[in-house]
Amino acid sequence: MKIVIIGGVAGGATAAARLRRLNENHEIIILERSNYISYANCGLPYYIGGVIKDKSNLTLQTPQSFHDRFNIDVRVRNEAVRIDTGNKIVRVKRLEDNTEYDLPYDKLVYAPGAKPIKPDIDGIDDNRIMTLRTVEDTYRISDYVKTKNPRHAVIIGGGFIGLEMAENLINLGVKTTLLQRSAQVMPPLDYDMASMLHAYIRQNGVDLKLNSPVKSFAPNEEYITITLKNGKELKADLILSAIGVMPETTLAKQAGLKLGIKDSVEVDEHMLTSDPNIYAVGDCVQIRNSITKALSVIPLAGPANKQGRIAADNICGIKSEYKGSASCTIVKLFDMNIATAGINEKTAKQTGIDYEKVVTYSASHATYYPNATNMTVKTIFDKKTGRILGAQIIGETGVDKRIDVLASAIQADKDAQFLTNLDLAYAPPFSSAKDPVNMAGYVIENIQRSLVKQHHWHDISSVMKDKQAVLIDVRTREEFETAHIKGAVNIPLNDLRDNIDKLDKEKKYYVNCHSGLRSYIACRILSQHGFYCSNLSGGHRFYQAVMSDYNSSEDKTHPLGL
């Protein structure tokens, strides 16, 4: 069998290697229009920033090494320009001399990936406005920074690439502005979690401007003037456009393959397209969200690798199936780690899921062991069943292993009780006897069993309008005097029982502490004495972080309708 693969990197290269492992006799040809067959996309910003110093560390395989190990014909700088599905032929252009030739196939794997979105904005074709997607892009940006010594870089887009490039440019000493068209960075996060990052980004030297879509670019020899839609102007001598990617499906469309959302290629669970001889994998395909079952495009390396393997299995007669993606992601931002898995509140609302959420604050390991740091963990769950639907974590250490555990629970359709029962590795340098994952499960169980009611930061404004509502802050007097919610009454937790006879059972008591733990204890005391009590999820710490960001924003159009 002759198998042609269009595109290397994650999906195509994985498919090729798996095909060879399953069958030594197949003729396998990879067409890759760039110079690189397999490279570390996710490491590209760190080469520019000098963290990865050796170019060779970016390329996982060379055409020669891939051929030597797998006996696969790798043709770099060979671009597929047309697919003739009727005759099962790929028309190929040699980019070195622009000559063309026909390449027949028995089976085709379509894996060209995605391409950076290029908005239709005046002046965007200036060569100082760059994107970061390939190794060639990386070298071009790196060479420009080294030779031109830009004074001011502007990054457009606060997603993974935008944040990573902001960190690396700051570390190189380049003045950097990050423009985000919406009210928050990192769209997989909900606004409240993202708000914790905004001040942190600015503290590390990045000039972050939210709600700042670009209107136009006006280049001259010295710099480019960026005009925002709000009328403000910036001047930069390096601009990185990182507003996202779109599926690269030009050939698929021309070949008549059935397309789905965002013009992605429609595939079945076996990664088979509408053509019985063509499979498609990676950033160009439409897949199912494993939680909502909704169609989506998820341009991540993990899904692409899995899909490449599944396509190869099916070509070789193994009926593997792709089960969808839970979009588990993580990014490093200076000393902070930000991770997500499953769906966020925005998605839950859009899909009509009856959900609830808890926000917990846990140490990365036992606090009596040195260097413990705290993590903010937001867990989204099905209100009726307790099934875990999504998780978001921000912290300095321990984030990666907790998000992996929660992602496993999400993909296995597990509930809060599953989290509480998990037996996870414990020693003081690594965790606590009650791991942060267990703690999230405990809090959800308490909510579901009606052991405690809760309210959230965005409920406070409506609570304060209720004449029966009383806000009680159970932190110490010193904590309360430092900062508190306007109108709250301070009754430290240890003094609560002594003052309980002074409270009115006709009132509703909304309690907070720093993180939600002491106020939970307070609510248990009050509820058992016959009082209505609700605990502030995430505590004053979380409330203050979100409200501080909201109050500093020029645009008061809040995503959750505050």
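Positions are given from 1 along the sequence.
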Practice item. Go through Thr131 and Ser241 one step at a time and tell me if the side chain to side chain donor-acceptor pair (under 3.5 Å) criterion holds. Key: CA-CA 5 Å; Thr131 58; Ser241 178; over 6 Å; no
Exercise for review: Could you please spell out the steps behind the salt bridge (charged side-chain N to carboxylate O under 4.0 Å, His left out) verdict for Glu269 and Lys323?
Suggested key: CA-CA 7 Å; Glu269 67 274 19; Lys323 304 295 185 181; over 6 Å; no
Check your understanding: What do the steps show when you test Ile343 against Thr292 for side chain to side chain contact (heavy atoms under 4.5 Å, CB included), and what is the final call?
Key -> CA-CA 8 Å; Ile343 63 172; Thr292 66; 3.8 Å; yes
Practice item. Please report the C-alpha distance between Asp263 and Thr249 in whole Å, then the side-chain angles of each, then the deciding distance to 0.1 Å, and finally whether the side chain to side chain donor-acceptor pair (under 3.5 Å) criterion is met. Key: CA-CA 7 Å; Asp263 273 351; Thr249 56; 5.2 Å; no
**Study point:** side chain to side chain contact (heavy atoms under 4.5 Å, CB included) assessment of Asp207 paired with Arg202
**Key:** CA-CA 6 Å; Asp207 180 17; Arg202 294 179 176 116; 5.9 Å; no
Point to revise | Gln180/Ser182 under side chain to side chain donor-acceptor pair (under 3.5 Å): CA gap, chis, key distance, verdict | key: CA-CA 6 Å; Gln180 174 66 23; Ser182 65; 2.9 Å; yes
Point to revise | Steps toward side chain to side chain donor-acceptor pair (under 3.5 Å) verdict (Tyr191, Asp549) | key: CA-CA 10 Å; Tyr191 169 79; Asp549 183 72; 2.7 Å; yes
Exercise for review: Give the intermediate values and the outcome of side chain to side chain contact (heavy atoms under 4.5 Å, CB included) for residues Thr376 and Ile393.
Suggested key: CA-CA 6 Å; Thr376 300; Ile393 308 179; over 6 Å; no
Practice item. Run the numbers on Phe531 and Ile500 for side chain to side chain contact (heavy atoms under 4.5 Å, CB included), then give the verdict. Key: CA-CA 10 Å; Phe531 293 91; Ile500 208 163; 3.7 Å; yes
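Annotation: side chain of Val297 is in contact with side chain of Ile261 (closest heavy-atom distance under 4.5 Å). Considering only heavy atoms from C-beta on, Ser431 stays 4.5 Å or farther from Leu424 through its side chain. For the pair Gln454/Leu536, no side-chain contact is recorded, criterion being any heavy-atom separation below 4.5 Å from C-beta on. Considering only heavy atoms from C-beta on, Ile310 stays 4.5 Å or farther from Glu321 through its side chain. Counting heavy atoms from C-beta outward, Ile447 and Lys453 have side chains that stay 4.5 Å or more apart. Within the 4.5 Å cutoff, no side-chain heavy atoms of Val470 are placed close to those of Lys508. Residues Glu233 and Ile226 are not in side-chain contact: their nearest non-hydrogen atoms beyond the backbone lie 4.5 Å or more apart. Within the 4.5 Å cutoff, side-chain heavy atoms of Val285 are placed close to those of Met271.
Heavy atoms from other residues, nucleotides or ligands lying under 6.0 Å from NZ of Lys175 number 12 at most. Applying the 6.0 Å contact sphere to CZ of Arg497 captures no more than 12 heavy atoms from other residues, nucleotides or ligands. Open room surrounds CZ on Arg181; 12 or fewer heavy atoms of other groups in view lie less than 6.0 Å from it. Shown here is Asn371, whose CG atom has no more than 12 heavy atoms of other residues, nucleotides or ligands within 6.0 Å. At most 12 non-hydrogen atoms from other residues, nucleotides or ligands lie less than 6.0 angstrom from CG of Asp423.
Looking at residues two or more places apart in sequence or on another chain, you find no salt bridge (Lys or Arg N to Asp or Glu O under 4.0 Å) involving Lys229. Lys332 is linked by a salt bridge (Lys or Arg N to Asp or Glu O under 4.0 Å) to Glu167, counting only residues two or more places apart in sequence or in another chain. With sequence neighbours left out, the salt bridge (Lys or Arg N to Asp or Glu O under 4.0 Å) criterion links Lys434 to no other residue. With sequence neighbours left out, the disulfide bond (SG atoms under 2.5 Å apart) criterion links Cys523 to Cys533.
Using modelled atom types, one side-chain atom of Asp459 and one backbone atom of His456 make a donor-acceptor pair closer than 3.5 Å. Looking at Gln528, its side chain never comes within 3.5 Å of a backbone N or O of Ile525 through a donor-acceptor pair. The backbone N or O of Met193 sits nowhere less than 3.5 Å from a side-chain atom of Asp190 that would complete a donor-acceptor pair. Remark: side-chain polar atoms of Lys401 are paired, donor with acceptor, to backbone N or O of Phe430 under 3.5 angstrom. Looking only at distances, a side-chain donor or acceptor of Asn535 sits under 3.5 Å from a matching main-chain atom of Gly516. In terms of modelled atom types and a separation under 3.5 Å, the side chain of Thr176 and the main chain of Val174 share a donor-acceptor contact. Arg288 places a side-chain N or O within 3.5 Å of a backbone atom of Lys293 that can act as its donor or acceptor partner. Here the side chain of Thr351 pairs a donor or acceptor atom with the backbone of Thr347 at under 3.5 angstrom. Formation of a donor-acceptor pair under 3.5 Å by the Ser325 side chain with backbone atoms of Ser327 is found in this model. His455 places no side-chain N or O within 3.5 Å of a backbone atom of Ile460 that could act as its donor or acceptor partner.
Classified by interplanar angle (parallel below 30°, tilted 30° to 60°, perpendicular above 60°), the ring pair His514/Tyr361 is perpendicular.
Of the residues Arg387, Lys384, Lys349, Lys383, the one that meets the side-chain contact (heavy atoms from CB on, under 4.5 Å) test with Tyr355 is Lys349.
For residues 470-505, the ring pair (Phe, Tyr, Trp, His ring centres under 6.0 Å) pairs, not counting sequence neighbours, are Phe480-His484. Residue pairs that meet the ring pair (Phe, Tyr, Trp, His ring centres under 6.0 Å) test with at least one member in residues 364-418, sequence neighbours left out, are His365-Tyr369.
In this structure, Arg541 does not pair ionically with Glu479, as no charged nitrogen and carboxylate oxygen lie closer than 4.0 Å. Ion pairing between Arg402 and Asp400 fails under the 4.0 Å rule for side-chain N and carboxylate O. Under a 4.0 Å N-O distance rule, the pair Lys378/Asp192 qualifies as a salt bridge.
Side-chain N/O atoms of Asn438 and Thr420 include no donor and acceptor closer than 3.5 Å.
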